[in-house]
Amino acid sequence: KAGVTQTPRYLIKTRGQQVTLSCSPISGHRSVSWYQQTPGQGLQFLFEYFSETQRNKGNFPGRFSGRQFSNSRSEMNVSTLELGDSALYLCASTLWASRAGANVLTFGAGSRLTVL
Amino acid sequence: SQKIEQNSEALNIQEGKTATLTCNYTNYSPAYLQWYRQDPGRGPVFLLLIRENEKEKRKERLKVTFDTTLKQSLFHITASQPADSATYLCALDPPPGNLIFGKGTKLSVKP
């Protein structure tokens, strides 16, 4: 079956612009998590959605937001882009919402965002 | 807050040797710990999960240990091959859920 699909794979934006990234989870998976990956900070959790509801949120400013649709597809949005937002944004899906010991994630290939 | 460290940013070894990667954590004792592999331009891929009551777990040439007293996990690749070259990430799996990742160790296996 198809894996986690993220679009676009690469994009370049300028400071102050906004960006929307898309994620299609594995068919049947209802939980989608987003992570930001940078060389300095590694993988950092942004948020998790399950059944169209945000379940958990990481320590990121309000410029970072997301949503999930009824078909489990998810989007994340970053407004008023800053240079420091340049990163690889990874989406991951699981069958169920996060709970201890059951959070084996299947990641997409990521969206590489460059902010100039 | 929870802190997780992978001691080496990079590890270079010769083909055929055993690679040993270290993951240390503080402030919290997770019930589960996971290891992922990430290749350039790709997302991480799940390799192994170990529970706190499992001191050791094996999968083919991979072995993971979990010492909750030392707050440490070791990840071993035996008979390493150039194809094993990648970045390896450890992740804590604390309740209520959402994994906390280390920054990774970049392994290079030279022929």
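Residue numbers begin at 1 in each chain, while the letters A, B, ... track the order of the sequences.
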Review point. Knowing that exactly one of A:Ser33, A:Ser31, A:Ser74 qualifies, which makes a side-chain hydrogen bond (donor to acceptor under 3.5 Å, both in side chains) with A:Glu48?
Key: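 Option passing the side-chain hydrogen bond (donor to acceptor under 3.5 Å, both in side chains) with A:Glu48: A:Ser31.
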Part of [X] within contact of chain B (heavy atom distance under 4.5 Å):
X       : answer
A:Leu90 : side chain
A:Gln37 : side chain
A:Arg9  : side chain

Practice item. Please check if atom CZ in A:Arg73 has more than 12 non-hydrogen atoms from other residues, nucleotides or ligands closer than 6.0 Å. Key: yes
Study note, to complete from the structure: Turns out that what part of B:Leu89 lies under 4.5 Å from chain A's heavy atoms comes down to side chain
**Study point:** Contact class of B:Glu9 relative to chain A, heavy atoms under 4.5 angstrom
**Key:**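 For B:Glu9, there is no contact with chain A at all, as no heavy atom is under 4.5 Å.
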Study note, to complete from the structure: Note: vs chain B, highest number of non-hydrogen pairs under 4.5 angstrom among A:Gly42, A:Cys91, A:Ala109, A:Gly110 is A:Ala109
Point to revise | Under-4.0 Å salt bridge between B:Lys103 and B:Glu5 | key: no
**Study point:** Best-contacting candidate, B:Gly41, B:Gly104, B:Gly102, against chain A by heavy atom pairs under 4.5 angstrom
**Key:** B:Gly41
Check your understanding: Do the rings of B:Tyr88 and B:Phe75 sit parallel, tilted or perpendicular, given the 30° and 60° boundaries?
Key -> tilted
Exercise for review: Among B:Lys106, B:Lys110, B:Lys17, B:Arg61, find the one that has a salt bridge (charged side-chain N to carboxylate O under 4.0 Å, His left out) with B:Asp84.
Suggested key: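 Among the candidates, only B:Arg61 passes.
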Practice item. May I ask you to check whether A:Tyr49 and A:Phe47 place their ring centres under 6.0 Å from each other? Key: yes
